Number of protein chains: 2
Amino acid sequence: MNAGVDGGGATPVGSRRAARRTQTIEEILGLALEIMGEAGAGSLSYAELARRLGVRPPSLYKYFSSVMAIYDELFRRGQRAHRDAVAAAMHEAKPGMDSIRAGFDAAARWTADQPVLAQLLFWRPIPGFEPSPEAFAPSVEMVGLFRTALSQAVDTGELVPAGGSEEALSLLSVLAAGISSQYMANEPGRRWKESRYLPLGRAALDMFQAAYGASTSEP
Amino acid sequence: MNAGVDGGGATPVGSRRAARRTQTIEEILGLALEIMGEAGAGSLSYAELARRLGVRPPSLYKYFSSVMAIYDELFRRGQRAHRDAVAAAMHEAKPGMDSIRAGFDAAARWTADQPVLAQLLFWRPIPGFEPSPEAFAPSVEMVGLFRTALSQAVDTGELVPAGGSEEALSLLSVLAAGISSQYMANEPGRRWKESRYLPLGRAALDMFQAAYGASTSEP
DNA sequence: GTCTATATTATGATAGAC
DNA sequence: GTCTATCATAATATAGAC
């Protein structure tokens, strides 16, 4: 599951050297994000990475077999973190529209908090990089969460039956992508709490509910 | 207005040498798009450009003062072309919602037809590149077109007064960005006529009208 | 695991001959 | 306007000593 050269999952019990290795890997990934944040997602290099880690470039090959392997690991972790953030928010809220709103908010907030990872996940800024198929699994799971929540919102009477359709689900994705995309393009660096896209995300869901909501009077 | 080294606007009357120069510039920009399409928007280089043009890299400096100047010119032209496509579609249609739908459609279609330029305009895939401020003017103009059309839709009674608000305008932008963004990320290369985002764009505007439309019964 | 040394390849940019 | 020659810099990656 892990990318590149690093040897497998959890630290073997009692192995200090493996712990140290894990620590170095974490440090490398952190520095990678730092570099990408400063000079653009596509500007990661072993040379700069080694410079900041205080080693020579060849040493990095002991941890990752190529620059692409680092991108892949960041992508994999990013997808998981994004899904976890959304899932946690949805789980805390009441099933149905509350859960959808919470998840929608959390997705946008995560994007704002992790602009570099968001760029890597949702745009495709690196020419040669194609994430491994398994790395997409969390994204699929997350769509499933929203599908379930929409279905629940229909069951509770918050939405008309059409709200449980795949089209409604797709429109929800479009709204989420639109909010994130506009934020990243127009207000990168702006704090999410002060961004105009925070209230606009709410307004977007109001629009969604105006279209699919069962509150007033639909046939 | 023109980027880089190329000397000013239209071809002076009767100057063959200027015409040839213009032709070369066009060829360079075309090849630049070709390269960016094949290897990613951020992978443009004088070396590859010269290779394809059949000259040596230093010769290119007679036409553009740097690689960034090429990006800037492409950005400038892209913004204009995008605005023109949208404006033409809106102008042909009946003022109000028809015009908005036509413009919305045209924007998405243009994005699908010009994926490389769209990436350059709407995402920021090139680390060091910051487009010149004047290059944004067409984008501002285009938002103005939609603002006017929304206002007309309110006047004709197609939309409730809130449909003329800046919030409604922003939501329209969010929808447009969402459609384009999802298309580019999930179905790059797919023909627009066969893309699932073509009908989804229509559905998005249906949702917009369900929220702001005055057809049924709003206070 | 880290280093030096090296191979290979690429880049942007400039000087100056023609 | 195009070229050769050149400078300066950077990149990924491997071999092999320690």
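Please read these numbers as outputs of a predicted model, since none were measured by experiment.
Rounded to whole Å, atom P of D/dA10 lies 14 Å from atom CD1 of A/Ile35. We find that CD1 of A/Ile126 is positioned 16 Å from P of D/dA11, with the value rounded to whole Å.
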Please list, pair by pair, any protein nitrogen or oxygen found under 3.5 Å from a nitrogen or oxygen in nucleotides 1-4 of chain D.
residue, atom, partner, partner atom, Å
D/dG1, OP1, B/Arg21, NH1, 2.5
D/dT2, OP1, B/Tyr63, OH, 3.4
D/dT2, OP2, B/Tyr63, OH, 2.9
D/dC3, OP2, B/Arg56, N, 2.9
D/dC3, OP2, B/Ser59, OG, 2.7
D/dT4, OP2, B/Arg56, NE, 3.2

Could you write out each protein N or O paired with an N or O of nucleotides 9-11 of chain C at a distance under 3.5 Å?
residue, atom, partner, partner atom, Å
C/dT11, OP1, B/Ser45, OG, 3.0
C/dT11, OP2, B/Arg51, NH2, 3.2

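Considering all non-hydrogen atoms of both residues, A/Asn186 and A/Tyr197 come closest at ND2-OH, 3.1 Å.
Residue pairs satisfying the side-chain hydrogen bond (donor to acceptor under 3.5 Å, both in side chains) criterion with at least one member in residues 101-110 of chain B, sequence neighbours excluded, are listed as follows: B/Arg101-B/Asp206, B/Arg101-B/Gln209, B/Asp105-B/Arg202. Pairs passing the side-chain hydrogen bond (donor to acceptor under 3.5 Å, both in side chains) check and including a residue from residues 81-93 of chain B, sequence neighbours excluded, read B/Arg83-B/Glu141.
Side chains of A/Leu150 and A/Tyr212 form no contact here, defined as non-hydrogen atoms less than 4.5 Å apart.
Ion pairing of A/Arg76 with A/Glu134 is absent here, as no side-chain N (NZ or NE/NH1/NH2) approaches a carboxylate O to less than 4.0 Å.
Shown here are the side-chain hydrogen bond (donor to acceptor under 3.5 Å, both in side chains) partners of A/Ser170, two or more places apart in sequence or in another chain: B/Arg196. With sequence neighbours excluded, the residues forming a side-chain hydrogen bond (donor to acceptor under 3.5 Å, both in side chains) with B/Arg51 are B/Glu48, listed by chain and number.
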* Step by step, work out the ring-ring contact (aromatic ring centres under 6.0 Å, His included) result for B/Tyr61 and B/Tyr46. => CA-CA 9 Å; B/Tyr61 288 87; B/Tyr46 266 20; 4.9 Å; yes

